[in-house]
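Below is one structure, written out as structure tokens; comments come after it.
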Amino acid sequence: MKNFYSLANCALMCGALFFGGVISSCSDDDEGGGGGGQSTEPPSENIGLTTPDGTKLKLTSIGDYSFSYNAKGLPVTIVGEGGWQTITISYNPMVVRYVYSSDGNDKATYTLYLNDKGYISKAVGVIKYTDSEGSETGNDECNFVYNADGRLTAMTEKTSYSGTEDGERYSGHASCSGTLTYSGNNLAKAVWHTAGVEDGEAYDDYDTFTYHYDNNIPNRLAQFSHSLEGMMQADETEIEPFFYLGLLGKPSAQFPTSVTYVTSYDDGESNENTMQAGYSFGSDGRLLQETFEYRTYNYSYVEADDEPDAVNPAAVAAKSFDSLRKSFDGRKKLHRHGRHVRR
């Protein structure tokens, strides 16, 4: 079994710097991380996009995710993974509840803390998983740091877990540290150091993402694309939808045309892959479709003044249920042997 999940899903898993207590690459103008903030609700203006003519847009779907909002324009329900993942959000305090299975036995609860700009500065979670083979519980804490411009520059995470499988007990812990550097207002590189112990075995790995902006494609509405998620390996994490919602800082000023991904393992093995990206836009600059690493992601929106319950996220997500069901277990395991797949 060993299916423990974390918010930032230690394929990011951030490493030994958490234990050292210092993120060496953070500059003097970094702010808004390290466990501060209030567990309240984000400013509604942080959620959504504004077109050049002043129209306010809310994202209703991107790829496998769909979103619905309350009367204040804040997200309250997110459905992902073709219907396997349901996320509900409540406010004051800001509590995020994940359910990953129809029987409700695979779930997590996080309390989110926001900095003074309304970006997530800290997340504290408790995770529980139960099936016919056994059960697992874990604790997870993530901290986020932003620069003065509101762009994410660093993250740390510390995770511990224990459980039983076929009558045998197991436990483990892991940590990660990530540093993000920018060239101008574009994300240039994201480096993630992963370290931990699983079943008595230590590991120490690195993931490096380098972003290329060959075609100078402007990000007119300041939105996150799937190609930018490598900054957090977000396509393998529970944090993914919060990028799209604008709760993890500002994105790059341009869209990357390609991303080079290098994984280096503690046994000396490494893998490198360059992923190409392509985009299509509406006349107002909104992203309509993206191709990245052989997949296509469609984006849809609703004007913010429309009824907040006009979106049915479950119906949107169900379109891809069958294809995603087969890959669900492999994507969402925290454990190194199930999650930290060598590409």
Side-chain angles (χ1 to χ4, degrees), residues 4-27 30 32-35 120-125 138-147 151-161 171-183 187-211 228-240 243 248-249 259-275 331-343:
F4 176 77
Y5 305 104
S6 74
L7 183 67
N9 192 0
C10 293
L12 297 169
M13 271 193 350
C14 300
L17 289 183
F18 194 101
F19 294 117
V22 176
I23 302 171
S24 60
S25 69
C26 297
S27 61
D30 284 344
I120 298 171
S121 60
K122 182 179 180 179
V124 179
N139 295 284
D140 189 45
E141 180 174 322
C142 307
N143 291 277
F144 305 87
V145 179
Y146 305 85
N147 63 21
R151 290 184 167 86
L152 186 67
T153 58
M155 193 201 84
T156 58
E157 180 183 20
K158 185 176 182 179
T159 301
S160 61
Y161 56 89
S171 63
H173 62 81
S175 63
C176 75
S177 63
T179 58
L180 294 82
T181 56
Y182 295 81
S183 176
L187 177 65
K189 183 175 289 189
V191 179
W192 300 100
H193 178 203
T194 304
V197 175
E198 179 186 334
D199 296 336
E201 178 187 357
Y203 56 92
D204 189 352
D205 304 330
Y206 285 86
D207 294 288
T208 300
F209 296 82
T210 303
Y211 297 82
L228 288 169
E229 290 175 346
M231 65 191 295
M232 296 272 296
Q233 291 195 357
D235 63 342
E236 297 181 6
T237 75
E238 280 60 61
I239 203 70
E240 180 178 17
F243 277 95
L248 282 143
V259 182
T260 300
Y261 172 29
V262 178
T263 300
S264 302
Y265 301 99
D266 51 11
D267 61 3
E269 182 183 343
S270 65
N271 293 319
E272 179 174 338
N273 182 32
T274 296
M275 301 166 283
R331 281 187 60 191
K332 292 299 181 182
K333 294 175 187 288
L334 169 68
H335 266 260
R336 190 185 187 204
H337 300 305
R339 169 199 48 76
H340 202 69
V341 178
R342 303 193 175 200
R343 298 174 184 241

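Values reported hereafter were calculated over all heavy atoms of this structure, with side chains retained and with hydrogens, waters and symmetry mates removed.
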Main-chain N/O of A188 paired to T181 side chain as donor or acceptor, under 3.5 Å
no
Minimum-distance pair of heavy atoms, taken over all atoms of Y203 and A174:
OH-CB, 3.6 Å
Say you draw a straight line from CG of L187 to CZ of R151; how long is it, rounded to the nearest 0.5 Å?
9.5 Å
Working to the nearest 0.5 angstrom, can you tell me the gap between D205 CG and H193 NE2?
8.0 Å
Could you pull out all residues at least two apart from T274 that satisfy side-chain contact (heavy atoms from CB on, under 4.5 Å)?
S258, T260, Q276
To check you understand the geometry: which heavy-atom pair defines the closest contact between Y211 and A190, and what is its length?
CE1-N, 4.3 Å
As an exercise, state the distance from CG of N147 to CG of L152, rounded to the nearest 0.5 Å.
9.0 Å
Residue pair N271 / Y265, side-chain heavy-atom distance below 4.5 Å
yes
F209 side, atom CZ; T263 side, atom OG1 - distance, nearest 0.5 Å
6.5 Å
Would you say T156 and K158 make side-chain contact, with heavy atoms under 4.5 Å?
no
Spacing of F243 atom CZ and L248 atom CG [to the nearest 0.5 Å]:
5.0 Å
Could you tell me which non-hydrogen atom of Y161 sits nearest to which non-hydrogen atom of H173, and how far apart they are?
CE2-N, 4.0 Å
Quick one: pull up CG in N143 and NZ in K122 and give me the separation to the nearest 0.5 Å.
6.0 Å
Identify the heavy atoms of F144 and I120 that sit nearest to each other, and give their distance.
CB-O, 3.4 Å
Within the side chain of D204, is there an N or O that forms a donor-acceptor pair under 3.5 Å with the backbone of A195?
no
